[in-house]
Every structure is written in structure tokens, then in C-alpha cells.
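Notes follow once the structure below has been shown.
For ligands, and for the atoms within them, numbers begin at 1 and follow the listed sequence.
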Amino acid sequence: MRRKLAAGNWKMNGTSADLAQIEALATAHTGALSEILIAPPTTLLHRAADIAKNGPITFGAQDCHKRESGAHTGDVSAAMLLDAGATYVILGHSERRADHDEHDEDVRAKARAALAAGLRVIICMGEELEEREADNTLDIIGGQLAGSIPDDVSGENLVVAYEPIWAIGTGKVPSVAQISEVHNFIRARLEQRFGPKIARAIRLLYGGSVKPTNAAEIFAIANVDGALVGGASLKADDFSPIINALDAS
Ligand code: PEP
């Protein structure tokens with residue numbers, strides 16, 4: 001049985017004042033059935049993990065370097081994130097692929113470093129609108145899956161997030177049939193590569209304009225084990241109903 005996961009990606013948002021949102025979330029979901037994850041900006045990670053210690057929320061980072069340490073000004077290693085309180089790291093988000101020219105091989109190298117340090121990885125993938133319109137979605141996802149995920153994963157330390165780029169922050173959401181097709185495809189490809197036991201334990205998240213109003217419909221889709229949420233994870237009042245919908249699914 002896969003434990004559902006509600007993951008919030010705060011991106012480059014949040015200062016100390018926003019730690020109150022994490023406290024509110026922790027208080028509201030003490031008995032949550034689903035796993036709740038917040039990936040705040042790195043500057044807040046340590047304090048957030050400290051404030052919410054022993055509560056229902058786990059914490060993650062939004063990127064890590066592929067090397068263990070060294071002369072990489074401005075970068076942060078996987079071990080540093082673990083030390084700051086992270087148990088997960090989001091890798092290969094489309095904004096990092098676009099803004100930092102990250103390719104599948106970079107994501108894979110970072111994932112290897114994160115796993116070696118003891119972090120769990122959430123590896124993101126998704127197609128551009130033009131790729132969907134050209135009917136290339138499954139080819140794109142197949143390539144990203146093969147290229148971004150390292151070989152030595154387990155069902156526990158890998159989460160895959162399907163995030164169509166055209167749905168991120170736009171208010172546009174794929175149809176139930178479109179989400180279902182991609183999630184079934186990802187599960188089948190994972191089975192081919194890692195075998196049924198590991199593949200069936202890997203959680204598959206949908207991401208892209210998940211809101212309190214559409215969460216229940218998305219969570220009812222087979223092979224959707226939760227969500228990676230951007231904008232609607234910033235305020236406890238918005239994220240809470242999404243967590244409740246996941247608990248109820
Ligand atoms: C994201 O950036 O991972 C995301 C899904 O953003 P939003 O929920 O705002 O579309």
C-alpha cells in the first residue's frame with residue numbers, strides 16, 4: 001500500500017513570517033493519513049524543520065548539487081540539506097530545467113548524490129504544450145524517465161512527479177483521461193525497468209494548478225498517489241483542504 005503524499009513546493013517564496021503557515025498546517029493535520037511535505041526556500045529549511053519537529057510535516061529542498069562538497073560558490077550539497085532537516089529533495093523541476101539549463105543527465109547526477117547522502121528524491125518530468133499538441137507526450141515522458149532516474153532506486157526513496165509544464169501556475173489542468181494515461185504509462189515503464197515490487201511502491205504525484213476545487217477529482221484517478229503543489233501550498237488555508245481531499249481519497 002502506497003502512502004499518499006501531499007508535497008508543497010514554495011519555490012522562491014517565503015521569509016520568517018511565513019513559518020506561521022507551517023505551524024498552522026502542523027496543528028491542523030496532527031492525525032493526517034497522508035504524508036505531508038513542505039519544500040520551503042533553503043533559507044527557511046532549518047527553522048521550519050525545528051518548529052515542526054515531532055509533528056506531521058516532513059521537509060524537503062528544491063534542488064541540490066551533484067558533488068558532495070568543494071568549490072561551488074552558492075551551491076548546497078545533499079548532505080547539507082539533510083543536516084538542515086530535509087528528508088526529500090525535489091529534482092528536475094521544469095523551472096530548474098528552463099532557468100538553469102538542467103538536462104536529464106544533470107538531474108540523474110543530482111539524484112545519485114541525494115540518494116547517496118540519504119535523501120529521498122522527487123524527480124519531476126513533464127511536456128511542453130507544443131509537445132502535447134504534437135502528440136509527443138509519452139515519448140517526452142519516456143525519455144525523461146529513462147534519463148533522469150538513476151538505476152539504484154527503491155520504492156521508498158523515489159517519488160516521480162508528472163508536471164505538464166503548460167499546467168504549472170497557469171490554472172490549466174489536463175483532463176482526467178490525460179493524467180490517467182501518463183500516470184499509467186509511468187507505472188508501466190517503472191515496472192519494465194525496476195520490476196513490479198519496486199515499481200508498485202513508487203509514489204506518482206500529479207503537479208500543475210492543483211487547487212482545493214479540483215483536488216478530489218485528481219486524487220480519484222488510479223495511479224495518482226498525491227500531488228506536488230506550488231501556489232496553493234503557500235497558505236495553510238489553501239493547502240489544508242488539498243490534504244483533506246487526499247486523506248479522503
Ligand atoms: C509546481 O511548480 O510544481 C506546481 C505544480 O505549481 P502550481 O501548483 O502553482 O501550478
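Judged as a salt bridge (charged side-chain N to carboxylate O under 4.0 Å, His left out), and not counting sequence neighbours, E105 has no contacts. Every salt bridge (charged side-chain N to carboxylate O under 4.0 Å, His left out) that R200 has, sequence neighbours left out, goes to E191.
With no hydrogens or angles considered, a side-chain donor-acceptor pair links E127 and Y162 at under 3.5 Å. In this model, a donor atom of one side chain and an acceptor atom of the other lie less than 3.5 Å apart for R187 and N223.
Residue G208 has at least one heavy-atom neighbour below 4.0 Å for each of these atoms of ligand 1: 5 (C), 10 (O). In summary, the atoms of ligand 1 found under 4.0 Å from a heavy atom of G169, numbered by their order in the structure, are 7 (P), 9 (O), 10 (O). Every atom of ligand 1 with a heavy atom of L228 under 4.0 Å away is listed here by number and element: 3 (O), 5 (C). Close approach of ligand 1 to G231 is summarised as follows: ligand atoms under 4.0 Å from at least one heavy atom of the residue are 7 (P), 8 (O), 9 (O). Taking every non-hydrogen atom of S209 and a distance limit under 4.0 Å, the qualifying atoms of ligand 1 come out as 7 (P), 8 (O), 10 (O). Close approach of ligand 1 to E163 (heavy-atom distance below 4.0 Å) involves ligand atoms 1 (C), 3 (O), 4 (C), 5 (C). Close contacts of ligand 1 with A167, meaning ligand atoms under 4.0 Å from a residue heavy atom, involve 10 (O).
D151 has a carboxylate O that lies under 4.0 Å from a charged side-chain N of R193, or vice versa, which qualifies the two as a salt bridge. In this structure, E35 does not pair ionically with K4, as no charged nitrogen and carboxylate oxygen lie closer than 4.0 Å. By the 4.0 Å N-to-carboxylate-O rule, R97 lies too far from E102 to be salt-bridged with it. Electrostatic pairing of D50 and K53 counts as a salt bridge here, judged by a charged N lying under 4.0 Å from a carboxylate O.
From the protein, the heavy atom lying nearest to atom 2 (O) of ligand 1 is K11 NZ, 2.5 Å. Counting protein heavy atoms only, atom 1 (C) of ligand 1 is closest to H93 NE2, 3.2 Å.
The closest approach between a heavy atom of K211 and any atom of ligand 1 is not below 4.0 Å.
Looking at C124 against ligand 1, nothing comes within 4.0 Å, counting heavy atoms.
Counting heavy atoms only, G230 comes closest to atom 6 (O) of ligand 1 of the residues G230, S233, S94.
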